[in-house]
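Presented below is the structure to which this report refers.
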Protein chains: 2
Amino acid sequence: MARLADVSTATVSRVYNEPDKVSPSVRERVLAAATTLNWIPNAAGRALASTRTHIAGAIIPTLDDQVFASQVSGMQAVLAERGITLFLGCSNYDPAQALTQVRAMLARGVEVIAIVGEAHPPELFDALRQARVPYAITYAYREDSPHHCIGFDNRAAFVEIAEHLIELGHRTFAAVFQPSRDNDRVQARVAGVREALARHGIAVRPSHMHEGPATIAFGRQSLRAIWQGVDKRPTAIICGNDQLAIGVLLEAAELGIEVPQQLSVTGFDDVAIAQQIHPSLTTMYVDTAEIGRCAAQYLLDVLDGKESLESGVVQPVLMVRESTGLVGGLD
Amino acid sequence: MARLADVSTATVSRVYNEPDKVSPSVRERVLAAATTLNWIPNAAGRALASTRTHIAGAIIPTLDDQVFASQVSGMQAVLAERGITLFLGCSNYDPAQALTQVRAMLARGVEVIAIVGEAHPPELFDALRQARVPYAITYAYREDSPHHCIGFDNRAAFVEIAEHLIELGHRTFAAVFQPSRDNDRVQARVAGVREALARHGIAVRPSHMHEGPATIAFGRQSLRAIWQGVDKRPTAIICGNDQLAIGVLLEAAELGIEVPQQLSVTGFDDVAIAQQIHPSLTTMYVDTAEIGRCAAQYLLDVLDGKESLESGVVQPVLMVRESTGLVGGLD
DNA sequence: TTGTAAGCGTTATCAG
DNA sequence: CTGATAACGCTTACAA
């Protein structure tokens, strides 16, 4: 290749890395030769010689949840502009898999990495530290977290939801959540609900606390169980995400429960259908793509040596819609 | 590292690549040293010396559509088992971006690549051929495609949908589709509808043919336009995906149109809510994760030299539900 | 502005 | 079974 353009390999390298330091004529000659041979610089050689790989990594629980998919999407867009490619790893909510994926990425020389949540084995963070790979925790945010977080305070968000319902006069609550095991975000959400209710002397009865798969079906099944239970029926149900809430809403329609007159329902995420369904769902909107973009930007800044230590809070916003109302249906 | 274990670098290499050819004692010594130093073999050096990167690439239009996210998810799962990491690129439905992403991946030394659809610039396939990188086209399938496809025949799928409606007696149709530009799958779907209807001497009136963003909102807006138009109202609406169909369903409820008595509606993809919504949506289920798994498996087979030339058809299945019925509402 | 030459961290080929 | 040693394709001083 260098031969065809009749230059040294060093010059070829310069054409791609410091084009200004090469005379235009030579530059064109090299570029022309590259086109002719359909030649592309080899990234492995490049990485080895320069100790820069231009690779970033993202570890998410699963792509099957829209919120993580769009976070990756946002990251990818920002990184691609800077010529950085993205390695994707899914942990399937399993800390061991997350660790494996991180190790694989480290071996591959990722320069920076974004990881959803902070509920990971210490070895994971040790490995990151040892490899001196900057990282960001996404989708979670705590003031006192030892890591750089980009996301929001899950606890505070659910405090806000609970308070919204309390203001509407609700005093008997049920809660339907996705699995909390190994999931600091869900744990924080449940804690937020508990905390807000406790301030008013309220607790969720065990029979009104449901935890299971984050599906419409589980939402339906939970409402049915709650409604048919022996305990006093709740006037409000707080769901861990929109899928569950939509399940509750659909089952309520089937059981002839009037929403919000007899029952208020809240979700989380503000998926597309939340505002379209009838009754429309009160939920919290989170700009997950923005979380991805912020994470990417922060990591790029770190690479550039810019210490943009501004914490990355992407504030969720409560979307009050038809599924919540004054207790007793007064409106 | 080799020094700590008091062996040559060659031996270290063997421990990781051909453990059987190393005596157990030495092997353990090396592994112990690696743990102590928290050492991981460097992938760049490895790639350079072995001309194998253990990297695969996936190019999809967007992660914001669940079907592609789950395809990637399926691929990732299969590849991870084999120690192959996945580079992800999104084209945003833009052929130029797809080309850029492919080039970036080639430079990174991906060994195989999966690309959604075949509507790509010839340079893209040229580059792949020149680099001798095996690839698979996903989410599309044509008997006479020059590429190895893994997916399904979009045209045939929509012929099936149209025929289902024709059998129910429908003769006046509307169609609501996502943008067809640069999208061979959508073009094939529309062609399928046209073809099936034409066999019965039926065509979709221009005012009944809507193309726009694949959103619930566009579905709603389309139905409204169709219903308020001057042309004879259709008795059935074929939608390009479930989002659009759900929009149509919700708007029908709002306009007081009875489904399926006055209007039959079909979708495509069978998203979670399709069977839960009321009336439940007649649509086609596609196992997109399976498409991803098949694509990954095929690419692995090619790498292994296995010429598993079996074409990868993942058959969509028609889910007949409440949103379609006999024309005129006889049931 | 351009060329020379020494690595970067592995694997592969030979010897031993 | 293990060790030397030469690549692999690039970057980066340093020299010209």
Side-chain angles (χ1 to χ4, degrees), chain A residues 1-34 37-55 83-85 103-111 130-133 303, chain B residues 1-34 37-55 83-85 103-111 130-133 303:
Chain A
M1 149 66 189
R3 217 170 348 182
L4 177 66
D6 195 31
V7 294
S8 70
T9 62
T11 302
V12 175
S13 172
R14 282 188 205 104
V15 169
Y16 283 86
N17 299 309
E18 314 161 293
D20 306 331
K21 296 194 171 181
V22 171
S23 73
S25 64
V26 174
R27 198 188 315 153
E28 278 183 39
R29 192 141 44 91
V30 171
L31 258 19
L37 270 57
N38 219 293
W39 178 90
I40 328 180
N42 173 312
R46 209 168 214 206
L48 205 50
S50 67
T51 61
R52 292 227 30 193
T53 58
H54 302 277
I55 297 178
I84 293 184
T85 13
R103 289 212 169 115
M105 290 193 177
L106 255 23
R108 299 254 137 75
V110 295
E111 298 187 35
Q130 287 232 6
R132 299 176 170 280
V133 169
L303 277 184
Chain B
M1 149 67 187
R3 217 170 349 183
L4 177 67
D6 195 31
V7 295
S8 71
T9 62
T11 302
V12 174
S13 173
R14 280 188 207 103
V15 168
Y16 283 87
N17 299 309
E18 313 162 291
D20 305 331
K21 298 196 170 180
V22 172
S23 73
S25 64
V26 174
R27 199 188 313 154
E28 277 183 39
R29 192 144 42 92
V30 171
L31 258 18
L37 270 56
N38 220 293
W39 178 90
I40 326 179
N42 174 311
R46 216 167 204 203
L48 205 49
S50 67
T51 62
R52 292 227 31 192
T53 58
H54 302 277
I55 296 178
I84 291 184
T85 13
R103 289 211 169 118
M105 291 193 175
L106 255 24
R108 292 301 172 2
V110 296
E111 298 187 30
Q130 287 233 5
R132 299 176 169 280
V133 168
L303 277 184

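Worth knowing before you read on, the calculation uses all heavy atoms, side chains too, and leaves out hydrogens, waters and symmetry mates. Naming convention: chains lettered A, B, ... in sequence-line order (proteins, then strands); numbering from 1 in each chain.
In this structure the side chain of A/Trp39 reaches within 4.5 angstrom of the side chain of A/Val12, judged on heavy atoms. Between A/Tyr16 and A/Val22, every side-chain heavy-atom pair lies at or beyond the 4.5 Å cut-off.
Looking at which nucleotide of DNA chain D each of B/Gly45 and B/Ser23 is closest to, the 5′-most match is held by B/Ser23. Map B/Pro24 and B/Leu48 each onto its nearest nucleotide of DNA chain D; the residue landing nearer the 5' end is B/Pro24.
We find that CZ of A/Arg52 is positioned 15 Å from C1' of D/dT12, with the value rounded to whole Å. A/Arg108 has its CZ atom 18 Å from the P atom of C/dG9, to the nearest Å. Atom NE2 in B/His54 sits about 13 Å away from atom P in C/dT10, given to the nearest Å. If you take CZ of B/Arg3 and C1' of C/dG9, they are 14 Å apart, rounded to a whole angstrom. The distance from atom CG of A/Asn42 to atom P of D/dA7 is 18 Å, rounded to the nearest whole Å. Atom CZ of B/Arg46 is separated from atom C1' of C/dA12 by 14 Å (rounded to the nearest Å). Here C/dG3 presents its C1' atom at 12 Å from CG of A/Asp6, a figure rounded to the nearest Å.
Between B/Ala5 and B/Ala33, the closest heavy-atom pair is CB-CB, 3.8 Å. Looking at every heavy atom in both residues, A/Ile84 comes nearest to A/Ile55 through CG2-C, 4.0 Å. Of all the heavy atoms in A/Gln130 and B/Leu37, the pair that sits closest is OE1-O, 4.1 Å.
Only B/Ala10, B/Ser13, B/Arg14, B/Asn17, listed by number, bring a heavy atom of residues 10-22 of chain B to less than 4.0 angstrom from any atom of DNA chain C.
Although no hydrogens or angles enter the test, the distance criterion places no donor-acceptor pair under 3.5 Å between the side chain of B/Glu111 and the main chain of B/Leu303.
Here B/Ser8 reaches the OP1 or OP2 of D/dG3: one of its side-chain N or O atoms lies under 4.0 Å away.
Here the side chain of A/Thr9 is nearest to one of C/dC8, C/dT11, C/dA5, namely C/dA5.
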